[in-house]
**Student:** 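Here it is, the structure, as C-alpha cells.
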Amino acid sequence: MTYNGESLGVFIVPTGIGAAIGGYAGDASRYARLFSNFSKLIVNPNVVNAGCFSGIDDNMLYVEGFAIDEFFKGKINLIESRHNKIGVVFDKSIPQEILNIHINTINAVKTVYDIDIKDYLVTEESAKVEFYLDDSGISTGCVKNIRTILNSAKKLVDNDCEAIAVVCLFEEDNINADYANGIGVDPVGGVEAIISHCVTKELNVPCAHAPAFRNYEISTKIVNQKAAAEYITPTFLPCVLLGLNNAPKLAKSGDITLNNVDYLIVPAGALGCIPVLEALENHIQVYAVEENVTVLNVTNASMHKTCGINIVSTYKDCLELIKNEHKEVNS
C-alpha cells in the first residue's frame with residue numbers, strides 16, 4: 001500500500017472543533033512534520049495554515065477537506081503537482097485599503113517564492129459571510145451568496161487557473177476572545193471549510209480560504225503561542241498560497257489512490273468523520289491520538305469499534321508505533 005516505494009499517511013485535524021493541537025494557527029505543523037520526515041503525508045489545510053507562515057513541506061500533499069472525503073470514498077484520485085497556477089477570489093465586501101494589503105501580499109509571495117498567481121477577481125456581489133459557534137461549541141456559519149464566489153472562481157478556472165484561493169470579509173462581532181489565550185474554538189474555521197468545500201465540489205480544483213477583517217492593525221498584546229501567527233500580520237493569505245502552490249490535482253484516475261494509503265491519524269474524539277469510517281471499511285489502520293482533545297466526543301467506545309483503531313497517547317507515541325510496524329512488515 002505504498003506510493004512510489006514510500007509509505008503514505010494521512011494526518012487530519014478537522015476544522016472548527018476546538019482541537020488542542022491544530023485548532024489554532026499552524027500549531028499542528030510540528031507534529032505533522034515528524035510524520036512527513038518518515039513518509040509521504042496528506043494533510044488538510046487546517047493542519048499547516050498559519051497566517052503569514054506555513055508548516056507545509058515538500059513531502060506533504062495539501063488537500064482540502066471535501067476532496068479528502070471524496071478520496072476516501074474512492075471517488076477521486078490525487079495527482080502530484082508542482083507550481084500550480086493559482087487564482088484568487090476576493091469578496092466585494094472587502095474595503096479597498098484592505099484589498100490593497102492583499103494585493104501587496106500576492107506580489108510579495110510571487111516575488112519571494114516564485115509562486116504562479118495567475119490572476120485575481122473581485123466578486124460581482126458581496127458574499128455575505130456569517131460565522132458562529134453552534135450549541136455544541138463547534139465552529140460553523142453560512143455564506144448567503146456563495147454563487148458569487150463560485151462564478152468568479154469558475155472564470156479563473158476557465159482562464160487556466162489550477163487552484164483557487166478565496167478571501168472573504170469576516171465581520172468581527174463573533175470573534176472568540178479566549179482564542180488569543182489558546183482556549184476554545186476558532187470561530188471562523190467552520191465557515192471557511194464550507195467555502196472551500198463548495199468551490200472544490202463545484203469546480204473539482206484545490207481550494208482554500210483566508211479571512212479578511214476590517215481591522216488590519218497588528219496587535220501589540222502578548223497572546224498564546226498557539227495563536228501567535230495570526231496576531232502578527234494583517235493578512236492570512238500567504239499560508240493558503242504556499243499550500244495551493246503544490247496541492248495535488250483531483251482526477252478520476254491518477255497517481256495516488258486510496259489503495260496507496262498506509263495509515264490515517266486523527267484526534268481520538270473525532271472518529272465520526274468520513275475518512276475514519278471509510279478507512280475502517282477498507283482495512284486502513286487508524287490511529288486515534290488522545291492528547292489532541294476536541295469539543296467532540298466521537299470516540300472508539302462510542303462507535304463500538306473493536307478493531308482497526310489504535311488508541312495512542314501522543315503523536316510521538318503514534319510515530320514510534322508506525323515506525324515499528326513498518327519495520328516488522330519489511331523485515
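Keep in mind that what you see is a predicted model, and the values were worked out from it rather than measured.
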**Student:** Please check if the number of heavy atoms outside Lys73 that lie under 6.0 Å from its NZ is greater than 12.
**Tutor:** yes
**Student:** For Lys201, does the NZ atom have more than 12 heavy-atom neighbours from other residues, nucleotides or ligands under 6.0 Å away?
**Tutor:** no
**Student:** Under a 3.5 Å cutoff, is there a donor and acceptor pairing between the side chains of Gln96 and Asn100?
**Tutor:**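 Note: Gln96 and Asn100 side chains meet the donor-acceptor criterion.
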**Student:** Can you establish whether the number of heavy atoms outside Tyr120 located under 6.0 Å from its atom OH is more than 12?
**Tutor:**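 Counting neighbours around OH of Tyr120, 12 or fewer heavy atoms of other residues, nucleotides or ligands fall under 6.0 Å, so no.
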**Student:** I'd like to know if the side chain of Tyr263 pairs up with that of Glu325 as donor and acceptor (distance under 3.5 Å, no hydrogens or angles considered).
**Tutor:**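 On atom types as modelled, these side chains do not qualify, holding no pair under 3.5 Å.
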**Student:** Is the shortest heavy-atom distance from the side chain of Ser39 to the side chain of Asp262 under 4.5 Å?
**Tutor:** no
**Student:** Would you check, one step at a time, whether the test side chain to side chain donor-acceptor pair (under 3.5 Å) holds for Asn49 with Tyr62?
**Tutor:** CA-CA 10 Å; Asn49 281 357; Tyr62 185 88; 2.9 Å; yes
**Student:** Does the side chain of Ile309 reach to within under 4.5 Å of the side chain of Ile311, using non-hydrogen atoms?
**Tutor:** yes
**Student:** Are any side-chain N or O atoms of Thr294 and backbone N or O atoms of Leu296, one a donor and one an acceptor, separated by less than 3.5 Å?
**Tutor:**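 Between the backbone of Leu296 and the side chain of Thr294 there is a qualifying donor-acceptor contact (under 3.5 Å).
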**Student:** So, are Arg147 and Glu202 salt-bridged, with charged N and O less than 4.0 Å apart?
**Tutor:**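 Salt bridge present between Arg147 and Glu202.
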**Student:** Are any of the side-chain heavy atoms of Pro238 and Thr105 separated by less than 4.5 Å?
**Tutor:**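 Counting from C-beta outward, Pro238 and Thr105 do come under 4.5 Å.
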**Student:** Does a side chain donor of either Ser36 or Asp57 reach within less than 3.5 Å of an acceptor in the other side chain?
**Tutor:** yes
**Student:** Please say whether more than 12 non-hydrogen atoms of neighbouring residues, nucleotides or ligands are located less than 6.0 Å from CD1 in Ile218.
**Tutor:** yes
**Student:** What residues, two or more places apart in sequence or in another chain, satisfy side-chain hydrogen bond (donor to acceptor under 3.5 Å, both in side chains) together with Ser81?
**Tutor:**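 Checked Ser81 against side-chain hydrogen bond (donor to acceptor under 3.5 Å, both in side chains); matches are Asn84, Lys249.
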**Student:** Report yes if some heavy atom in the side chain of Asp186 is under 4.5 Å from a heavy atom in the side chain of Tyr24; otherwise report no.
**Tutor:**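 No - every pair of side-chain heavy atoms lies 4.5 Å or more apart.
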**Student:** Using side chain to side chain contact (heavy atoms under 4.5 Å, CB included) as the criterion, list what pairs up with Pro211, not counting sequence neighbours.
**Tutor:** Phe170, Glu192, His209, Phe213, Phe236
**Student:** Does anything in residues 81-100 pair up under salt bridge (charged side-chain N to carboxylate O under 4.0 Å, His left out), and if so which pairs, sequence neighbours excluded?
**Tutor:** Glu80-Arg82
